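Read through the structure below, which is laid out as structure tokens, and then see the notes.
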Amino acid sequence: MSGLRVGICGAGVGGLCVALALTRAGHEVAVFEQASRFGRVGADVNLTPNAVHALEGLGIGEAMRATAAYPSHRISRTWDSGEETSRLPLSSAAEERYGAPQLTLHRADLLSILTGALGADHIRFGTKVETVSQREDAATIHFADGSTRDFHVVIGADGIHSLVRYALFGADDPHFTGIVSHRGVFPRERAGNLPNLDAFTKWWGPSADYQIVTFPLTGGDEIFVFATTPRTDWTEEGWTIPGDLEALKAAYRNFHPEARGLLDALEEVTSSALHVREPLVQWSSGRITILGDAAHPMVPFMAQGACMAIEDAIVLARCLTNADPSSIAGALAGYEALRKPRTAEIQRSSLANEWLKDKTNADWVYAYHAWELDLSPAA
């Protein structure tokens, strides 16, 4: 049986993962990305063992481990006293217990690794998708330059503002949480004598709209910082919008000195308003489906956005592995049925923002151990 022709809208982590999994299964894949190239934007990707296990199944484990950092622990601390309320061993302990380690790395490094494994000839940079449509025997991608291309199946991996989702189901209804997130990275040497730089540490604020999360990147040479503040007058979504670092520092002026020291080490931040969306009733229609943030955008408090996109990619590729052009709709329905319950649970749990706050739920997130999920690239 000859392979399927698959068009993928978006060359983010989810789009490249599903492209790699499908090419390894013998399908013909083209990925369309509106950016002219990958820049070093987007800062972090925090990969918990479930995602690392899936990526290793795609053959990129060695390259990924070579550039990633291995957080030593997952620590929760109280905003003013600095008291530790939980400390979960990671690194080798996580690999022994959960079947894979937790890794943290720069998003640009992961995209570079995925591109190298896939082959850059599969990616069409500088190609903007306008919309998608379908007929009985094909799904069509319509490009901004007026051209079109037909495929057996089209996958929307085009993020939170997905044009593919809009074409299938119309406008969504995001609700602003009243919280703005801020991200930044600084070289390790700027941290001075701050402790726990090799750990994943979360500082829990006096209310749910204040928190600082930090962990190492690029083999520990860089430190990533994520923080949130309450806002009611600004609702822009996007990961490259310049933020106000001085205002952020002022918002955390009453936090423990070690927490403030993380913000002091930064030179700039990007900021984004956090919105929530209810889990979608439907992801697929005929020959077209969506994955990752296009299907189930979630607030970042469990660090599972990229991880869920990676899981989606593996499961979707597996569902399509033995499909033929006449059985696409059934394969996509199977993918959706497998993924929706899990991603809906993670969406809601992320919004609750209680994960690993104290010792009573310190092991909860790793209940989805690598071996409890069938994330092999092919069944």
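All values reported here derive from a predicted model rather than from experimental measurement.
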Open item on the list: Check whether R65 reaches the backbone of Y70 with its side chain - one donor and one acceptor, N or O, closer than 3.5 Å.
Closed with: no

TODO: Count the heavy atoms belonging to other residues, nucleotides or ligands that lie under 6.0 Å from CD of Q282, then report whether that count exceeds 12.
DONE: yes

TODO: Look only at the side chain of S181 and the backbone of S272, and say whether a donor-acceptor pair between them is shorter than 3.5 Å.
DONE: yes

Open item on the list: Quick check: closest heavy atoms across M308 and R339, and the distance to 0.1 Å?
Closed with: O-NH2, 3.4 Å

Task: Main-chain N/O of F143 paired to S147 side chain as donor or acceptor, under 3.5 Å - done: no

Open item on the list: Set out, in order, the CA-CA distance, both residues' side-chain angles and the distance that settles side chain to side chain contact (heavy atoms under 4.5 Å, CB included) for I160 and R277, then state yes or no.
Closed with: CA-CA 10 Å; I160 198 166; R277 293 157 171 86; 3.3 Å; yes

- [ ] Please report the closest heavy-atom contact between Q134 and L168, naming both atoms and the distance.
- [x] NE2-CD2, 4.4 Å

TODO: Go through the steps to decide whether R188 and D198 satisfy the test salt bridge (charged side-chain N to carboxylate O under 4.0 Å, His left out), and finish with yes or no.
DONE: CA-CA 10 Å; R188 187 187 185 98; D198 290 317; 3.0 Å; yes

Open item on the list: Checking the side chain of R287 only, and the main-chain atoms of H152 only, is there a donor and an acceptor separated by less than 3.5 Å?
Closed with: yes

- [ ] Hey, could you give me the OG1/CD distance between T67 and E62, rounded to the nearest 0.5 Å?
- [x] 13.0 Å

TODO: Applying side-chain contact (heavy atoms from CB on, under 4.5 Å) between V13 and each of V18, L55, L110, D293, report the one that passes.
DONE: L110

- [ ] Would you kindly confirm whether V315 and L16 end up in one hydrophobic cluster when ILVMFWY residues are joined by side chain heavy atoms under 4.5 Å apart?
- [x] yes

Task: Shortest non-hydrogen contact from M64 toward L47 - done: SD-CD1, 3.8 Å

- [ ] For the pair E267 and F186, evaluate side chain to side chain contact (heavy atoms under 4.5 Å, CB included) and give the outcome as yes or no after the intermediate values.
- [x] CA-CA 7 Å; E267 295 183 293; F186 63 83; over 6 Å; no

Open item on the list: Take a 6.0 Å sphere around CD of E136 and say whether it holds more than 12 heavy atoms from other residues, nucleotides or ligands.
Closed with: no

Open item on the list: Do R165 and D158 have side chains that approach each other closer than 4.5 Å (heavy atoms only, starting at C-beta)?
Closed with: no

Open item on the list: Applying the ring pair (Phe, Tyr, Trp, His ring centres under 6.0 Å) criterion to Y210, which one of W79, W203, Y252, W204 satisfies it?
Closed with: Y252

Open item on the list: Count I, L, V, M, F, W, Y as connected when their side-chain heavy atoms are under 4.5 Å apart, and connections chain through other members. Are L194 and F215 then in the same cluster?
Closed with: no

Open item on the list: Using side-chain heavy atoms (C-beta onward) and a distance below 4.5 Å, is N196 in contact with R77?
Closed with: yes

TODO: Kindly compute the distance separating CG (L280) from CG (D172), expressed to the nearest 0.5 Å.
DONE: 8.0 Å

Open item on the list: Taking CZ in R135 as the centre, count heavy atoms belonging to other residues, nucleotides or ligands within less than 6.0 Å. Is the count above 12?
Closed with: yes

- [ ] Answer yes or no: is there a donor N or O on one side and an acceptor on the other, between the side chain of T127 and the main chain of F125, under 3.5 Å?
- [x] yes

Open item on the list: Is any side-chain heavy atom of T343 closer than 4.5 Å to one of W283?
Closed with: yes

Open item on the list: A side-chain contact here means heavy atoms from C-beta on lying under 4.5 Å apart; do T214 and I223 qualify?
Closed with: yes

Task: Check: D121 main-chain N/O paired with R124 side-chain donor or acceptor under 3.5 Å - done: yes

Task: Candidate pair S76 and R74, rule side chain to side chain donor-acceptor pair (under 3.5 Å), full reasoning - done: CA-CA 7 Å; S76 288; R74 206 298 185 179; 3.2 Å; yes

TODO: Start with the C-alpha gap between T148 and H142, add the side-chain angles, then the distance that decides, and say whether side chain to side chain donor-acceptor pair (under 3.5 Å) holds.
DONE: CA-CA 5 Å; T148 62; H142 302 255; 5.6 Å; no

- [ ] Treating Ile, Leu, Val, Met, Phe, Trp and Tyr as nodes and any side-chain heavy-atom pair under 4.5 angstrom as an edge, say whether V225 and V269 lie in one connected cluster.
- [x] yes

Open item on the list: Tell me whether R342 is salt-bridged to D312, with the criterion being a basic N under 4.0 Å from an acidic carboxylate O.
Closed with: no

Task: Minimum heavy-atom distance L320-H27, with the two atoms named - done: O-NE2, 3.4 Å

Open item on the list: Would you compute the distance between atom NE2 of H53 and atom SG of C307 and round it to the nearest 0.5 angstrom?
Closed with: 13.0 Å

Task: Any donor-acceptor N or O pair under 3.5 Å, side chains T289, E336 - done: no

Task: Point-to-point distance, once rounded to the nearest 0.5 Å, from CG of L274 to OG1 of T228 - done: 7.5 Å

Task: Single-linkage hydrophobic cluster L20~I123, side-chain heavy atoms < 4.5 angstrom - done: yes

Task: Flag side-chain contact, heavy atom, 4.5 Å: V45 against L217 - done: no

TODO: Decide yes or no for F151 and V6: does some side-chain heavy atom of the first lie under 4.5 Å from some side-chain heavy atom of the second?
DONE: no

- [ ] Determine the minimum heavy-atom distance between L291 and A313, stating which atoms define it.
- [x] CD2-CA, 4.2 Å

- [ ] First locate atom OG1 of T78, then atom NE2 of H256, and finally report the distance between them rounded to the nearest 0.5 Å.
- [x] 10.0 Å

- [ ] First locate atom CG of D109, then atom CG of L114, and finally report the distance between them rounded to the nearest 0.5 Å.
- [x] 11.0 Å

Task: Backbone of V164 reached by a side-chain donor or acceptor of S162 within 3.5 Å - done: yes

Open item on the list: Please check if the number of heavy atoms outside N193 that lie under 6.0 Å from its CG is greater than 12.
Closed with: no

Open item on the list: Please determine whether side chain to side chain contact (heavy atoms under 4.5 Å, CB included) holds for the pair E222 and R190, giving the CA-CA distance in whole Å, both sets of side-chain angles, and the decisive distance to 0.1 Å.
Closed with: CA-CA 9 Å; E222 295 179 300; R190 287 182 58 87; over 6 Å; no

Task: Flag side-chain contact, heavy atom, 4.5 Å: P195 against E258 - done: yes

Task: Step-by-step side chain to side chain contact (heavy atoms under 4.5 Å, CB included) determination, L58 to I314 - done: CA-CA 9 Å; L58 292 178; I314 300 301; 3.7 Å; yes

Open item on the list: Can you tell me if E28 has over 12 outside heavy atoms packed within less than 6.0 Å of its CD?
Closed with: no

Open item on the list: Check this for me: Y166, atom OH, are more than 12 non-hydrogen atoms of other residues, nucleotides or ligands nearer than 6.0 Å?
Closed with: no

TODO: Please confirm whether the backbone N or O of A333 pairs with a side-chain atom of S284, one donor and one acceptor, at under 3.5 Å?
DONE: no

- [ ] For the pair Q102 (side chain) and L90 (backbone), establish whether a donor and an acceptor sit closer than 3.5 Å, ignoring hydrogens and angles.
- [x] no

Task: Short side-chain to backbone donor-acceptor contact, S350 and I346, under 3.5 Å - done: yes

Open item on the list: Tell me whether L248 shares a hydrophobic cluster with V213, the cluster being built from Ile, Leu, Val, Met, Phe, Trp, Tyr side chains joined at under 4.5 Å.
Closed with: no

TODO: Taking the side chain as every heavy atom from C-beta outward, state whether F301 and F226 have any atom pair closer than 4.5 Å.
DONE: yes

TODO: Can you see which heavy atom on V132 is nearest to which on C9, and at what distance?
DONE: CG1-SG, 4.4 Å

